[in-house]
Amino acid sequence: MVTTQKIIERAMEYRGSKSVLYTVKEQRVDGSWQGDERPCLRYTLMDFERNYQLRVLSNPRSRHIHTKSTSIPLQTLTPFFVTGITDAEGCFSVGISKHKQLRTGWCVKPVFSITLHERDEALLKQLLSFFGKGGIFRHGPTTLQVRFESKNALWAVVKHFDKYPLISQKQADYLLWKKAVELFSDKEHLTLAGLFEVVALRASINWGLPPRLRKAFPLIASKIRPEVKKPVVPNPEWMAGFISGEGCFIVEILENKEMRLGYSVKIKFNIPQHKRDIILLQVLNEYLGGGGNFHQAKNRDVMEFRFQDFSIIDEQIVPFIRSFPIQGMKIHDFNDWCQAIDIVRRKGHLTPEGLAEIQKLEEGMNTGRKEKK
DNA sequence: GCGCCTCCACTTTTTCGACCTCTCCGG
DNA sequence: CCCGGAGAGGTCGAAAAAGTGGAGGCG
Ligand SMILES: [Mg+2]
């Protein structure tokens with residue numbers, strides 16, 4: 001049996017920071033995570049303002065995504081968190097499109113981006129401030145995208161991911177993408193030989209070559225995707241980042257005639273992920289203390305890593321996330337979920353009052369949440 | 001003004017998130 | 001048998017992932 005204490009302790013080993021240990025102790029005593037000395041967060045208003053120019057977007061669809069100088073200071077994310085959320089939501093892509101003005105006839109554009117619902121604009125700004133360069137742009141009717149595509153921004157991105165590597169299969173995409181960035185940086189993409197090299201790389205990144213590029217470069221052999229070694233969670237902040245991206249906190253009230261009230265309550269924690277990363281999910285299970293189960297629907301590519309056992313959720317998952325908080329609006333769903341867990345723990349869900357309370361929580365979280373801000 | 005770069009809006013595809021249901025187990 | 005819970009089977013739709021291209025600026 002793995003205790004909460006054990007999980008936290010093991011998690012702490014990765015951190016190697018006395019102040020963090022102290023903070024955890026503090027949290028255990030008074031249950032509060034407030035306070036300025038929280039070691040994983042630093043104030044970097046100056047950096048942020050220097051690098052994030054004010055913009056007025058021409059498109060009327062765009063909401064203003066600039067901050068004013070009077071805005072509250074932004075807290076920077078930790079490097080491990082940034083890698084974790086990138087393993088979840090990041091995209092390393094190499095654009096190749098026709099361009100008459102260019103000598104090769106083709107325009108090469110490496111991009112690192114993260115797309116999120118506009119409700120998480122604050123998180124995107126934190127990402128922007130973390131790398132210091134780049135921009136946030138309107139993506140769709142309800143989504144925004146933080147993008148890094150200038151050479152300066154790209155260098156900052158490469159510097160980070162070399163020092164704090166991804167642990168999912170996305171690492172293979174990153175490694176190939178980085179080569180394209182180097183070619184781009186050295187202006188080799190402006191020669192035919194360099195262009196061909198970029199195309200070969202692109203052929204093995206993400207979705208590979210689309211038909212139009214296959215046709216245009218029929219003779220180019222794609223690069224071999226680098227092997228990614230067995231993942232090791234580098235730091236609990238990585239988990240916080242990954243869960244912020246892919247985690248799913250679920251409260252379900254189900255009709256059940258067996259139950260005295262006619263309903264049963266189910267608490268779940270899910271992490272879905274493409275089946276190519278099943279080993280990563282198994283590693284996460286170990287890391288979180290075990291007890292999760294795996295499910296893959298027939299003919300589907302998504303493996304779902306699930307916790308459905310109440311005491312495991314209550315004793316392993318909740319304490320972990322409380323110790324290494326997730327970021328973004330999902331935190332509110334986590335908080336509501338925890339409230340439901342409190343009720344279930346004291347068997348309140350077996351009383352009409354408790355059940356009603358849980359129903360109210362359930363209706364207001366996730367897709368039911370009203371204020372998206 | 002050529003050649004190239006950056007910013008930004010926008011599109012396309014799918015991997016997520018979130019939700020639903022049934023069976024079976026055990027105290 | 002009663003009651004409560006856990007695992008395992010799914011589905012749905014959009015927030016992710018991934019990608020395109022043009023305007024405009026600059027050496
Ligand atoms: Mg993902």
Side-chain angles (χ1 to χ4, degrees), chain A residues 53 55 57-59 61-62 65 86 88-104 107-109 111-120 133-145 147-154 170 173 184 187 189-190 202 205-210 212-213 245-261 263-277 291-304 306-313 330 333 344 347 349-350 362 365-368:
Chain A
Q53 320 90 294
R55 302 175 223 283
L57 298 176
S58 51
N59 191 322
R61 259 163 88 203
S62 304
I65 55 177
T86 300
E89 320 280 41
C91 173
F92 299 91
S93 74
V94 180
I96 301 171
S97 45
K98 270 209 158 94
H99 201 295
K100 285 174 196 133
Q101 305 281 59
L102 297 177
R103 259 179 290 205
T104 59
C107 178
V108 170
K109 290 188 218 184
V111 183
F112 167 57
S113 67
I114 293 181
T115 305
L116 294 176
H117 194 279
E118 63 191 2
R119 75 172 80 95
D120 274 322
K133 311 287 193 296
I136 296 172
F137 307 102
R138 173 59 51 183
H139 169 261
T142 60
T143 49
L144 296 174
Q145 190 173 55
R147 291 177 78 91
F148 305 89
E149 46 190 326
S150 72
K151 280 178 184 169
N152 262 286
L154 259 11
K170 206 181 284 288
D173 297 306
F184 177 66
K187 294 183 175 287
H189 65 297
L190 300 175
R202 163 70 190 267
I205 295 174
N206 301 334
W207 300 344
L209 293 181
R212 69 184 175 90
L213 290 180
E246 318 280 44
C248 190
F249 305 104
I250 298 169
V251 176
E252 283 173 351
I253 299 174
L254 313 162
E255 245 182 291
N256 188 341
K257 297 213 163 57
E258 313 274 282
M259 308 291 282
R260 236 180 309 202
L261 293 178
Y263 297 93
S264 65
V265 171
K266 202 157 187 167
I267 304 291
K268 290 187 192 175
F269 174 60
N270 291 354
I271 301 180
Q273 196 67 196
H274 193 283
K275 63 174 193 273
R276 71 180 183 168
D277 267 313
N293 35 67
F294 299 86
H295 174 71
Q296 185 185 348
K298 254 184 273 172
N299 302 323
R300 287 179 189 266
D301 293 333
V302 176
M303 177 64 64
E304 199 158 280
R306 301 165 162 178
F307 286 90
Q308 304 184 70
D309 182 309
F310 179 80
S311 55
I312 289 178
I313 289 172
K330 202 188 282 285
D333 299 318
V344 172
K347 302 290 174 195
H349 62 301
L350 302 178
E362 190 265 315
M365 65 188 288
N366 295 336
T367 54

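Chain letters run A, B, ... following the sequence lines, proteins first, then strands; residues in each count from 1. Everything numeric in this text was worked out from a predicted model, so none of it was measured.
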### Query
Contacts to DNA chain C from residues 246-257 of chain A, heavy-atom cutoff under 4.0 Å, which residues?
A:Glu246
### Pairing residues for A:Lys109 by the side chain to side chain contact (heavy atoms under 4.5 Å, CB included) criterion, not counting sequence neighbours
A:Cys107
### Task
Among B:dC5, B:dC19, C:dA18, find the nucleotide with the atom closest to the side chain of A:His139.
C:dA18
### By side chain to side chain donor-acceptor pair (under 3.5 Å) - contacts of A:Ser93 (at least two apart)
none
### Query
Considering only side-chain heavy atoms of A:Arg260, which listed nucleotide, C:dC3, B:dC19, B:dC16, is closest?
C:dC3
### Query
Which nucleotide in the set C:dA15, B:dG3, C:dG19 lies at the smallest distance from any side-chain heavy atom of A:Leu102?
B:dG3
### Query
How would you list, by chain and number, every residue that makes a ring pair (Phe, Tyr, Trp, His ring centres under 6.0 Å) with A:Phe184, sequence neighbours excluded?
A:His189
#### Entry: From C:dG4, B:dC16, B:dC19, nucleotide with atom closest to A:His274 side chain
B:dC16
### Message
Using the side-chain heavy atoms of A:Cys91, tell me which of these nucleotides is nearest: C:dG21, B:dT21, C:dA17.
### Response
C:dA17
Can you name the atoms? Protein N/O to nucleotides 22-27 of chain C N/O, anything below 3.5 Å, with the distance.
from	atom 1	to	atom 2	distance (Å)
C:dG22	O6	A:Lys109	NZ	2.5

### Message
Of the options C:dG19, B:dC16, C:dA8, whose atoms approach the side-chain atoms of A:Gln273 most closely?
### Response
B:dC16
### Query
Can you list the residues that meet the ring pair (Phe, Tyr, Trp, His ring centres under 6.0 Å) rule with A:Phe307, with sequence neighbours excluded?
A:Phe305
